[in-house]
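In listed order, ligands and their atoms are each counted from 1. Keep in mind that this is a model prediction, so the values were computed, not measured. We number each residue from 1, following the sequence as shown.
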Amino acid sequence: MGNAKITGIKGMNDMLPDQTPVWECFEAAARQAAASYGYRQIRTPILESTALFCRGIGEVTDIVEKEMYSFEDSLNGEKLTLRPEGTSAVVRSAIEHNLTYNAPQRLWYFGPMFRHERPQRGRYRQFYQFGCEALGFAGPDIDIELLAMTHRLWKMLGIDAALELNSLGAAPERAEHRKALIAYLTEHIDLLDEEAKRRLTTNPLRILDTKNPAMQDLVAQAPKLIDFLGPDSLAFLKNLEKGLSSLGIDYTINPRLVRGLDYYNHTVFEWTTDKLGAQGTICGGGRYDPLIGILGGRETPAAGFAMGAERVIELMQEGGKTYETPLCRVYIAHQGGETELVARAIGERLRDAGISTVVHAGSTSFKSQMKRADASMATWVVIAGQEELASHAVSVKRLRDEVGGQVFDEQKRILIDEIETIVRSDTF
Ligand code: ATP
Ligand code: MG
C-alpha cells in the first residue's frame, strides 16, 4: 500500500523561504512604526475561551456566527477557540494583569488569526494581523495618532491607500438611528436577504456592512447614523478631522462605514485600495470605549486598529517589486578532505566576526560549487584549495558590489588571516 500524500489545510498557507524576505520587511517596518510612537509589544496565546470572543466581538457578527474555529478540550470539556482577532485577547490580558491600573497603555501585536471563511485572494483561514491598541485614552488625540502611524507605515512600505472615516457616535444616538433604520428596512423587507432578515431586530447596523451586491442600493438609501449625531459626537469628529488635516492626511467621510465588530463608538475607519480586487480593505479600526467594561474590567476608553498582513504584502509586491535577500555574505568552496576542515574552520572564524557564511556541502565539483555560490547572492566566494593549504592561503573572488550588482574582479590568493579584513572592507 502506497503512502498517500498529506497536504496542508485549505486556506492555511505555507510561507516558503522565497516569501519570507518580504514578510520580514513588513514585520520590521510595522515594529519600527509602532516603536516610533512609543507602542510596546504584547503577545497573547493563540487559544482563548470561546466565551471571550462571543462577548468581545458580539454574538451577531460574521465572526462569531460562522467563522470561529471552536472545539472542546478533550480533557475537561472547556470550550476553546482559535483567536479570530487580536483586540479581545489583548483587552482580556490587560484586565487580567491590571495593565491600565496606573497609566494608559500603548500596545502592538503581530500574529496569526483564524477564521473559517471561503478561501480566496486576500481571504484565508489562517492569516496574520499587525495591530495596535491604545488603552485608557479618551481621544480623539489618540485616534489621530493611530491614523498617523498607519499613514507613516504606508509611506515606509511605498503603499498607496485611501482613508475612509465615519462616526458611530454614542449609545443614545445609535439607539435613535437604530429605530429609524429598522423602520426603513422593515418597509423594504422584501429586498432583504435571509441574513439581513435575521439581523433586522438583533443587529440592524451590521446590515449596512452587507457584501450582497443585490442589497447595495437599499443600504445606500438607508438612514445615516451621522445625521443622528448630537453636538458632542460631532465635535469629536470635527477634532479628529482637524488633527488629520493638520498632519496632511487625506480622508473621506463614508457614512455607510460600520465595522465588523460590535461595541465600536465614535471613530471608525478603514484604509482601502483598489489594487486588490474584492478584498480591498487593508486595515480597519476605531474606538471601542465600551469593550473593557463589557469584558469585566473597569470602564476604560480605548481605540485601535488591525491590518491584514497578506493584503499589505501583496501591495508591497505590486509592479513586480521583489525582496530577495542574500543567503550569506561569504560562500566557501573546497575540495573535500583536509580542505573541507579548513573551510569549516574559516566559516566559524567569519561567523565569530559577525559575517554570515555558508560552507559548501555536497558535491565538490568546482563548477557546481561556483553555481551555488552565485545563487547564494554572496558578495564573496572563498576557495579553500589543496594547493594553497600549505602556505595558509586561500583564493578569494568578489562576486558582487555593495548594492548587489555583479562584478568581474580577478580571483586572488590571500592569507587566511586576511579574510575578515578584506570581507569587511569589501575591497582588496
Ligand atoms: P472583511 O470585511 O474583509 O471580511 P473584516 O471586517 O472581517 O474584513 P477585521 O476583522 O476588521 O476584518 O480585520 C482587520 C483586517 O484584517 C481586514 O481589514 C483585512 O485586511 C484583514 N483580514 C480580515 N479577515 C481576513 C482573512 N480572512 N484573510 C486575510 N486577511 C483578513
Ligand atoms: Mg470578515
Considering only heavy atoms, does [X] approach ligand 1 within less than 4.0 Å through its side chain, its backbone, both, or neither?
| X | result |
| --- | --- |
| Q129 | side chain |
| I282 | backbone |
| E117 | side chain |

Under 4.0 Å from a heavy atom of [X]: which atoms of ligand 1 are those, numbered in the order shown and with their elements?
| X | answer |
| --- | --- |
| K211 | 1 (P), 2 (O), 4 (O) |
| G308 | 15 (C), 16 (O), 20 (O), 21 (C) |
| A306 | 14 (C), 15 (C) |

For K238, which residues count as a salt bridge (charged side-chain N to carboxylate O under 4.0 Å, His left out) partner, sequence neighbours excluded?
E241
Any nitrogen or oxygen of Q279 lying under 3.5 Å from a nitrogen or oxygen in ligand 1? Just yes or no.
no
So between E85, E270, R115, R121, whose heavy atom ends up nearest atom 10 (O) of ligand 1?
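Checking each option, the heavy atom nearest atom 10 (O) of ligand 1 is found in R115.
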Classify the side-chain pair E48/S88 by whether it contains a donor and acceptor separated by less than 3.5 Å.
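Distance-only check fails for E48 and S88.
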All pairs passing ring-ring contact (aromatic ring centres under 6.0 Å, His included) where residues 32-60 contributes a residue, at least two apart
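ring-ring contact (aromatic ring centres under 6.0 Å, His included) check on residues 32-60 returns no pairs.
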When you measure from the side chain of S49 to the backbone N and O of A51, does any donor-acceptor pair fall under 3.5 Å?
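Between the backbone of A51 and the side chain of S49 there is no qualifying donor-acceptor contact (under 3.5 Å).
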Please confirm whether the ring centroid of Y128 lies under 6.0 Å from the ring centroid of W23.
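Yes, the ring centres sit under 6.0 Å apart.
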Could you go through the salt bridge (Lys or Arg N to Asp or Glu O under 4.0 Å) check for R199 and D62 one step at a time?
CA-CA 11 Å; R199 288 179 171 173; D62 282 350; 3.0 Å; yes
